[in-house]
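Just so it is clear, the structure is predicted and the values come from calculations on it, not from any experiment. Throughout, a chain's letter reflects where its sequence line sits, starting with A, and its residues are numbered from 1.
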Amino acid sequence: MLQMKRNLAVIGGLTVSLLALGACSTTVEAPEAASTEEAASTESTESYWDSVLAEADGQTVDWFMWGGDDRLNAYINEYVAVEAAKYGVTLNQVKVTETAEVVNKVLGEKQAGNLDDGAVDLVWINGENFATGKQADIWFCDWSQKLPNAEFVDWESDAIKFDFGTPVDECEAPWNQAMSVITYNSDQASAADFASVDAMVAWMSENPGQFTYAAPPDFSGSMQVRRFFYHAVGGYDKLLGEFDQATYDELAPQAWEFLNGIEANLWRGGATYPQSGAEVEKLFASGEVSAYIAYNAGRAGLLVADGVFPETTSQTTFESGMIGNTNYVAIPFNSPDTAGAQVVANILQSPEAQLRKADPSVLGYYPAIDMSRTDLLAEYEALPVPASVLPFTQQKKNANPELIAGWLEAIEKGWIANVLQK
Amino acid sequence: MSFRSKSLAEPAPSGAGSALGPTIERSERLPGEWRDGFKILALLSPALFLIVVLFLGGFAFGFLQSLGFLALVGDGGLSLEAYRRMLEDPAVRASLPLTLRISIISTVLSAVLAVASALLIRGTKRGQKFLVWVFQLNIPIPHIVGAVAMLLLLQQSGYFSRFAYALGLVSSPAEFAPLIADEFGVGIIVHYMWKEIPFIGVVVLAALQSGVSDFEEVARTLGASSWKRFRYIIVPFIAPSVFSTSIIAFAFTFGSYEIPFLLGRPFPAALPVVAVQSYNDSDLLSRPEAMATSVLITVFISLLVYLYMRVSDRYTGGVR
């Protein structure tokens, strides 16, 4: 009898606390979210920011981000989190392997009717994932140009205003710029071998098995397929703007022919592809391949310093340029801590934070702000560049744009059906 | 149990005089029954909660989503469209033979080697405890750690390849046979065997401890050959264990994601990998197809569990 009572009490207690939890999340949080939205639409930037700061004090920001880079994690937890604490904001980094998972999480919350107490407060994002979220209307908007540090951002630039062709519409704040480069082992190849795509194709046929790219939808593999796609169809001009099925149908076969044509000279004879950019890096580190293309040139310098990559690591670009993009942080519509998340986004855009992460010995991520608008331009230009890393100005030469998400999806799916599954 | 139901089934006495006795008895009895019912329910509720809400609830929700229910985009009508698309998807079509091949080969080889190892270990006179300890050493090691170890050992620039290079057998990584992300799935099968052999083997060893040697002794004194002792004593003793653990191993290998992801190819990929690929597809229209693939996996595994229960019923029925 006593035992039974205890059991019932436990169950009863659980039920009550569950109900209480449910009640809290629906009634207490709602007014806060409403006040932020109101503030955003009516008040000027300064008082807007004052109210954001006031609201942010005491909030905990759960920042979901790709966590595969130890140095980036150190930068977040040892620098950004410390800065955020000065505003009373606790920054909690949540590491994920794929940003798509985070978008799925928020979508799942929306489906389940969780409209104001989501788990995600901030997410590192760009491209398709941002576009997917925008399609489903899951972003908190009208904030990113109101950040005090937005004055350092060139919001007139198409590279900032459009995220892979999708209008940003103040639903995310730029954090880094990224350029892709060709990283190669100078024992096995020279810069002239990669002067153009044709030169590279010739190099591959003389050195079969020495190059590969990750299978899309992997982020870096997808970018490489697009770069070859641009080459095969005679330039990216026809691919800009909204996705057009007729243009795609006309041009895509040339790209698949090109990519199937080089397949036999890829790693493993093209019988399979690595599943991620990280896997490609490992192949380069272990000497299975001697060239690869990836975003974030600075990373190769760090890996050389760590002894993972050989000292003979070097970088170059096609004369016709490489693909570049901007990446951002976004706030889900159901975040209970939108104010704290904006404070963190503002810290990320500060000249000090951008300079620090541009330092190759810290991270080597390129600034999303225009450093010439800040007092730190001289320091930025004085940053050392490792011998193995191509200077950012050279990386940016003839930069190729990213495409709108509709094109990305079509090309990724087309690659899977016409190259991978063939 | 039988006594209680009988007393409930008793027709209510109609006479006013005789009504007293049974009525008192029932009023004393009923709270007791309620109490028992509550107690059982209360004790079971955590497990029931997990099964009903998290598994059945999750499955039902996934099934509904596979029909297009609560779709984030699209017209919201329910249809079997996702199943049609799934069956036409080359990724799924190429996946089925691969997934079955991996599960069948790794399970059968594991079972055979596990029984052989268990019998060998049982036959040892000295150091048996140590052998058993070594044999089950890797059971607590997480699958993912094992998979990384397989990568380090078996890939073309892995330790085996380097060893072959040191011996002058190969001159470059590309010459070493591809065992990871290979066409057949060798790396995945080897990994599963590494894990399943001790799993099945330990259960078989336990079955062999339960008095089988007495029967063998009797058979030996009656002149049975070692083959006959194996066939008519050991096999019946261990068959239920081998069968049940094999079905568990098969269901696990069929539904597991991380191993074929780490050690396999992006195409053709195992079914769970395909399901995650379409779940992470940035095109939300692929979501119902991902759910349909998961439903397919769940239904297949459920059939295996049903088979397992049928067969284990038969075995235990035979013992009884």
What part of [X] gets within 4.5 angstrom of chain A, counting heavy atoms only: side chain, backbone, both, or neither?
X	value
B/S161	neither
B/R93	neither
B/A181	both
B/D281	side chain
B/A91	both

Nearest 0.5 Å please: distance from the CZ atom of B/F69 over to the CD atom of A/Q111.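 So the CZ of B/F69 and the CD of A/Q111 are separated by 9.0 Å.
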
Which residues satisfy the side chain to side chain contact (heavy atoms under 4.5 Å, CB included) test with A/E281, sequence neighbours excluded?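 Checked A/E281 against side chain to side chain contact (heavy atoms under 4.5 Å, CB included); matches are A/Y292, A/R299, A/L303, A/F309.
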
Is the count of non-hydrogen atoms from other residues, nucleotides or ligands lying under 6.0 Å from B/Y83 atom OH greater than 12?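 For B/Y83, atom OH is crowded (more than 12 foreign heavy atoms under 6.0 Å).
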
B/E183 atom CD, neighbour heavy-atom count above 12 within 6.0 Å: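 Open: at most 12 neighbouring heavy atoms sit under 6.0 Å from CD of B/E183.
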
For A/F162, which residues count as a ring pair (Phe, Tyr, Trp, His ring centres under 6.0 Å) partner, sequence neighbours excluded?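 Residues passing ring pair (Phe, Tyr, Trp, His ring centres under 6.0 Å) with A/F162: none at all.
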
How would you list, in number order, the residues of residues 403-422 of chain A that have a heavy atom less than 4.5 Å from chain B?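 Result: A/E409, A/K413, A/L420, A/Q421.
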
Non-hydrogen contacts under 4.5 angstrom with chain B: give the residues of residues 271-280 of chain A involved, or none if there are none.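 Interface residues of residues 271-280 of chain A: A/A271, A/T272, A/Y273, A/Q275.
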
Heavy atoms, side chains only, cut-off 4.5 Å: are B/R287 and A/N104 in contact?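 Side-chain contact under 4.5 Å: yes.
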
So B/Q156 and A/R268, do their side chains get closer than 4.5 Å, heavy atoms only?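 A/R268 vs B/Q156: side chains touch.
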
